[in-house]
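This report refers to the structure that appears directly beneath it.
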Amino acid sequence: MYENPKFNENNEKILCEMGGKNADMLMDIKVKILKAGESFTVCEKENETAILLMQGEVEFLFEGEIKNAKRRSPFLDKATAIHFSKGIEVTVKANEESRLVIEQTDNANDFGVHYYTPDDLMIQHFGADQWDGTADRQVLTVFDYESAPYSNLVLGEVFHKPGCWTSYPPHYHPQPEVYYYEFEKPQGFGVGFNGDNCYKVENQGCLCITPMHTHQQAAAPGYKMCYVWMIRHLDGDPWRKTRIDAPEHKWLLDEK
């Protein structure tokens, strides 16, 4: 299912709620805008939390530390993110208007705070030599099962060339996944698939991907697209780069 909800009176765009909308994604996900000088504090009793800076300048305050983070846009600077377990208090204060993605789910593990700077995060390049470059993309993983086995979440970004495809060939996995889209130009658009259903995706919209449904994306020519990808591990079945390729398209993996 695709949707592009409006920001509410708290300058929050609610994408998923474990006890409400899109509950089958098993995550609370929202986009939050802070005006300069505004702040918010997170301290969850049962949930772990990841906060990803999309644009702006903020200070992260936690455990007696203050970390400054600045990002002009996803298309100009790599990400900064903070990831922390239940019971830990983190405050985010905006030095200028800023936009953040907040991802949460239940997790009994106490794993402290992990703060990721742009220098900590590696971008991988895929697809340049396949299918005449039509699936050329860059992928940034903030954390996944291999780097954070204590977490029930996965968080990353995909940088999508205009006119190309990503999340390709069509594939699926048992774990739910959510894509949150941003375009370099606000009028940008593309197409997102959830099984046989396809949707026009636009700036700051989201696609909730049903488990075991194929998913792939295309961006319109001329429009650079970035999407934040968020996965919730299943109990006893974490996402370990799990990828089940659609059988009719497996031949593509043999193409040079």
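Side-chain contact, Glu177 with His215: a donor N or O sits under 3.5 Å from an acceptor N or O. Side chain to side chain, Asn22 and Glu3 meet the donor-acceptor criterion of an N or O pair below 3.5 Å.
Within a 6.0 Å sphere centred on NZ of Lys13, other residues, nucleotides and ligands contribute more than 12 heavy atoms. Surrounding NZ of Lys185 are at most 12 heavy atoms belonging to other residues, nucleotides or ligands under 6.0 Å away.
With sequence neighbours excluded, the residues that form a side-chain contact (heavy atoms from CB on, under 4.5 Å) with Asn8 are Asn10, Glu12, Ile14. Qualifying salt bridge (charged side-chain N to carboxylate O under 4.0 Å, His left out) partners for Glu9, counting only residues two or more places apart in sequence or in other chains: none. In terms of the side-chain hydrogen bond (donor to acceptor under 3.5 Å, both in side chains) criterion, Glu184 has no residue partners (sequence neighbours excluded). Evaluation of the side-chain hydrogen bond (donor to acceptor under 3.5 Å, both in side chains) rule for Asp110 yields Lys86 as partners, not counting sequence neighbours. Partners of Lys241 according to the salt bridge (charged side-chain N to carboxylate O under 4.0 Å, His left out) rule, which considers only residues two or more places apart in sequence or in another chain, are Asp144, Glu146. Partners of Thr134 by side-chain hydrogen bond (donor to acceptor under 3.5 Å, both in side chains), not counting sequence neighbours: none found. Scanning for side-chain hydrogen bond (donor to acceptor under 3.5 Å, both in side chains) contacts around Lys70 gives Glu96, with sequence neighbours left out.
Side chain of Ser73 to main chain of Phe75: a donor-acceptor pair is present (N/O by atom type, distance under 3.5 Å, no hydrogens or angles). No donor-acceptor pair closer than 3.5 Å links the side chain of Glu65 to the backbone N or O of Phe62. A donor-acceptor pair is defined here as one N or O able to donate and one able to accept, closer than 3.5 Å; no such pair exists between the side chain of Asn11 and the backbone of Lys32. A donor-acceptor pair is defined here as one N or O able to donate and one able to accept, closer than 3.5 Å; no such pair exists between the side chain of Asp136 and the backbone of Gly133.
Taking Ile, Leu, Val, Met, Phe, Trp and Tyr as members and joining any whose side-chain heavy atoms lie under 4.5 Å apart, directly or through other members, the hydrophobic cluster of Tyr199 also contains Tyr2, Phe126, Val139, Val154, Val158, Tyr179, Tyr181, Phe183, Phe189, Val201, Leu207, Ile209, Tyr223, Met225, Tyr227, Trp229, Ile231, Trp239. Other members of the hydrophobic cluster containing Ile66, listed by chain and number, are Leu61; membership follows side-chain contacts under 4.5 Å among ILVMFWY residues, whether direct or relayed. Grouping Ile, Leu, Val, Met, Phe, Trp and Tyr residues whose side-chain heavy atoms lie under 4.5 Å apart, directly or via other members, places Ile244 in a hydrophobic cluster with Tyr172, Met212.
Legend: side chain to side chain donor-acceptor pair (under 3.5 Å) pairs involving residues 200-214, not counting sequence neighbours, sorted by first then second residue: Asn194-Thr210.
For the pair Val31/Leu15, a side-chain contact is recorded, criterion being any heavy-atom separation below 4.5 Å from C-beta on.
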Side chains of residues 47-59: which donor-acceptor partners sit under 3.5 Å, not counting sequence neighbours?
from  : atom 1 : to     : atom 2 : distance (Å)
Asn47 : OD1    : Asp106 : N      : 3.3
Asn47 : ND2    : Glu44  : OE1    : 3.1
Glu48 : OE1    : His83  : NE2    : 2.6
Glu48 : OE1    : Ser151 : OG     : 2.7
Glu48 : OE2    : Asn107 : ND2    : 2.7
Glu48 : OE2    : Ser151 : OG     : 3.4
Glu48 : OE2    : Asn152 : N      : 2.7
Thr49 : OG1    : Gln104 : NE2    : 2.9
Gln55 : OE1    : Arg99  : NH1    : 3.1
Gln55 : OE1    : Arg99  : NH2    : 3.0
Gln55 : NE2    : Arg72  : O      : 2.8
Glu57 : OE2    : Asn68  : ND2    : 3.3

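Note on Asp235 versus Arg232: salt bridge recorded, some NZ/NE/NH1/NH2 to OD/OE distance being below 4.0 Å. Remark: Asp245 does not engage Lys250 in a salt bridge, criterion side-chain N to carboxylate O under 4.0 Å.
Taking both residues in full, the closest heavy atoms of Ala79 and Glu157 are given as CB-OE1, 4.0 Å, listed atom of the first, atom of the second, then distance.
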